[in-house]
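Quick notes on the structure that follows.
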Amino acid sequence: MTNFLGNLSNRYDLLSENVGFSPFQKRYLEEMLSILEEKEFLLNQSKVQHQEDTEDLLAWVHEMKTPLTAMKLMVEQIEDTSLRKKLENEWMRIHLLLDQQLHNTRLAFIEKDNRLEKVTLRTIVYKEIREFHSWCMEKGIGFQVEELEEEVTTDKKWLAFIVRQILSNAIKYSHQNENIDIFTSVDDTGHLLLHFQDYGVGILQEDLPRIFHKSYTGTIGRESVQSTGMGLYLAKNAAQKLGIQITVHSKRDEGTMFTLVFPTENEYGKLLGR
């Protein structure tokens with residue numbers, strides 16, 4: 001019977017070949033083939049439905065961008081400074097949530113979607129800082145940024161998304177009127193490191209091992225209605241697919257440092273299968 005079960009990979013040939021099955025074995029095989037065919041049919045249906053749902057969701061997110069852009073233009077015309085800042089912050093929250101949903105949907109297809117090219121870190125970081133201008137103005141948060149003239153080979157859009165999630169996290173948990181430091185270094189093995197240091201509330205040690213888990217908000221995160229627990233999860237997964245490591249060091253009430261560890265050129269070659 002072991003050999004009988006072991007040959008199921010060639011199941012459609014078993015019934016047509018004279019392999020000496022007993023009537024019971026033949027009937028048993030027919031039943032198993034029927035179950036497997038039904039399973040494969042349902043699995044294919046599920047794959048098709050999942051693909052359609054993914055395409056519908058992507059289309060919906062892109063459709064949402066049009067009214068959001070219009071809202072942004074309207075908000076900028078409001079003369080009441082206090083009201084404008086509040087609306088800008090709410091707009092930013094919606095924008096970030098939609099952005100997370102878009103990249104969550106695309107993450108499964110990142111290998112097909114990414115485009116590796118030379119990217120200057122300064123270009124990525126400064127663009128993302130500008131996106132958070134209104135939020136930073138409200139909290140009085142500034143940035144101390146080094147030259148960041150180094151180039152890395154990566155996907156520009158996905159790296160921007162990763163930086164966006166880290167910056168959002170740093171701004172969210174920084175105190176009023178604090179700075180966030182952004183700088184680079186090189187480790188002993190030749191890896192380029194991009195650091196994001198804030199001096200905010202920090203992360204509890206028991207939360208550190210789980211901050212990249214899906215939907216995990218942590219002790220501090222649960223105190224904030226703005227926390228979904230998705231940003232760092234998506235950033236970690238996207239980084240792994242690009243060969244980038246994310247490390248974090250933190251101490252409660254002293255701040256947090258997130259670090260992106262970029263692969264070397266040789267490691268990029270392995271990533272690309274060269």
Checklist entry - Going from CD on E146 to CG on D181, what distance comes out if it is rounded to the nearest 0.5 angstrom? => result 9.0 Å
Next on the checklist: For the CD atom on E63, are there more than 12 heavy atoms of other groups (residues, nucleotides or ligands in this structure) within a distance under 6.0 Å?
Outcome noted: no
Checklist entry - Where is the tightest heavy-atom contact between P263 and G243, given as atom of each residue plus distance? => result CD-O, 3.2 Å
Next on the checklist: Do I246 and L260 have side chains that approach each other closer than 4.5 Å (heavy atoms only, starting at C-beta)?
Outcome noted: yes
Checklist entry - Is the closest side-chain donor-acceptor distance between N44 and E40 under 3.5 Å? => result no
Checklist outcome for this item: Tightest non-hydrogen contact, residues Q101 and T105, listed as O-OG1, 2.9 Å
Checklist entry - Under 6.0 Å from the NZ atom of K251, do we count more than 12 heavy atoms belonging to anything else shown? => result no
Checklist entry - If you count the non-hydrogen atoms of other residues, nucleotides and ligands that lie under 6.0 Å from NZ in K47, is the total more than 12? => result no
Checklist entry - Does a sphere of radius 6.0 Å around NE2 in H62 hold more than 12 heavy atoms from other residues, nucleotides or ligands, not counting ones at 6.0 Å or beyond? => result yes
Checklist entry - Does the side-chain contact (heavy atoms from CB on, under 4.5 Å) test come out yes or no for I141 and F132, once each step is laid out? => result CA-CA 10 Å; I141 290 175; F132 291 112; over 6 Å; no
Item to check | Between OH on residue Y173 and CD on residue E178, distance to nearest 0.5 Å | outcome: 15.0 Å
Item to check | N169 and F196, any side-chain heavy atoms less than 4.5 Å apart | outcome: no
Next on the checklist: With heavy-atom distances below 4.5 Å as the criterion, would you say the side chains of L87 and M71 are in contact?
Outcome noted: no
Checklist entry - Could you go step by step and tell me if I182 and L194 meet the side-chain contact (heavy atoms from CB on, under 4.5 Å) rule? => result CA-CA 7 Å; I182 304 176; L194 176 60; 4.0 Å; yes
Checklist entry - Do NZ/NE/NH1/NH2 and the carboxylate oxygens of K85 and E88 come within less than 4.0 Å? => result no
Item to check | Short side-chain to backbone donor-acceptor contact, S46 and L42, under 3.5 Å | outcome: no
Next on the checklist: Looking at R115, is its backbone amide N or carbonyl O close enough to the side chain of D155 to form a donor-acceptor pair, meaning the two atoms are under 3.5 Å apart?
Outcome noted: yes
Next on the checklist: Surrounding CD of Q45 (heavy atoms of other residues, nucleotides or ligands, distance under 6.0 Å), is the total greater than 12?
Outcome noted: yes
Item to check | Heavy-atom closest pair, residues Q165 and G231 | outcome: OE1-CA, 3.4 Å
Checklist entry - Below 4.5 Å, heavy atoms only, C-beta onward: do L68 and K72 meet side chain to side chain? => result no
Item to check | Sub-4.5 Å side-chain heavy-atom contact between F258 and I162 | outcome: no
Item to check | Close side-chain approach of I124 to K156, heavy-atom, < 4.5 Å | outcome: yes
Checklist entry - Of T153, L159, T184, which is the lone residue that meets side-chain contact (heavy atoms from CB on, under 4.5 Å) with F262? => result L159
Next on the checklist: I'd like to know if the side chain of D198 and the backbone of G255 have a donor-acceptor N/O pair within less than 3.5 Å.
Outcome noted: no
Item to check | Minimum heavy-atom distance between T264 and T189, given as atom pair plus value | outcome: CG2-O, 4.2 Å
Checklist entry - If you measure from the Lys or Arg side-chain nitrogens to the Asp or Glu carboxylate oxygens, is any gap between E31 and R27 under 4.0 Å? => result yes
Item to check | Spacing of CD1 belonging to I180 relative to OG1 belonging to T256, to within rounding of 0.5 Å | outcome: 10.5 Å
Checklist entry - Which heavy atom in H213 sits nearest to a heavy atom in P209, and how many Å separate them? => result NE2-O, 3.7 Å
Checklist entry - Under 4.5 Å between any side-chain heavy atoms of L121 and L192, yes or no? => result yes
Checklist entry - Is the backbone N or O of K65 less than 3.5 Å from a side-chain atom of T69, with the two atoms forming a donor-acceptor pair by type? => result yes
Next on the checklist: What I'd like to find out is whether the side chain of S134 reaches to under 4.5 Å of the side chain of W91, using heavy atoms alone.
Outcome noted: no
Checklist entry - So how far is it from L204 CG to I211 CD1, rounded to the nearest 0.5 Å? => result 11.5 Å
Next on the checklist: Donor-acceptor check, side chain of N237 to backbone of Y233, threshold 3.5 angstrom: yes or no?
Outcome noted: yes
Next on the checklist: Using the rule given for side-chain contact (heavy atoms from CB on, under 4.5 Å), can you reason through Q144 versus F183, listing the C-alpha separation, both sets of side-chain angles and the distance that settles it, and then say yes or no?
Outcome noted: CA-CA 8 Å; Q144 294 289 335; F183 58 97; over 6 Å; no
Checklist outcome for this item: Nearest heavy-atom approach of Y199 to N179 is CD1-O, 3.4 Å
Item to check | Option passing side-chain hydrogen bond (donor to acceptor under 3.5 Å, both in side chains) with R164 (candidates Q100, E128, H103, E131) | outcome: E128
Checklist entry - Hey, what's the ring geometry for F161 with W158, parallel, tilted or perpendicular (30° and 60° as the breaks)? => result perpendicular
Checklist outcome for this item: Value for CE (M92) from CG (L96), rounded to nearest 0.5 Å, stands at 5.5 Å
Checklist entry - Between atom CG of L102 and atom CG of L234, what is the distance when rounded to the nearest 0.5 Å? => result 10.5 Å
Item to check | Path from L167 to V261 over hydrophobic side-chain contacts below 4.5 Å | outcome: no
Next on the checklist: With a 6.0 Å cut-off (strictly less than), is the heavy-atom count around NE2 of H175, excluding the residue itself, greater than 12?
Outcome noted: yes
Next on the checklist: Counting only heavy atoms from other residues, nucleotides and ligands, does the tally under 6.0 Å from NZ of K139 exceed 12?
Outcome noted: yes
Next on the checklist: Could you go through T259 and M257, starting from their C-alpha distance and side-chain angles, then the distance that decides it, and tell me whether this counts as side-chain contact (heavy atoms from CB on, under 4.5 Å)?
Outcome noted: CA-CA 6 Å; T259 300; M257 178 185 286; 3.8 Å; yes
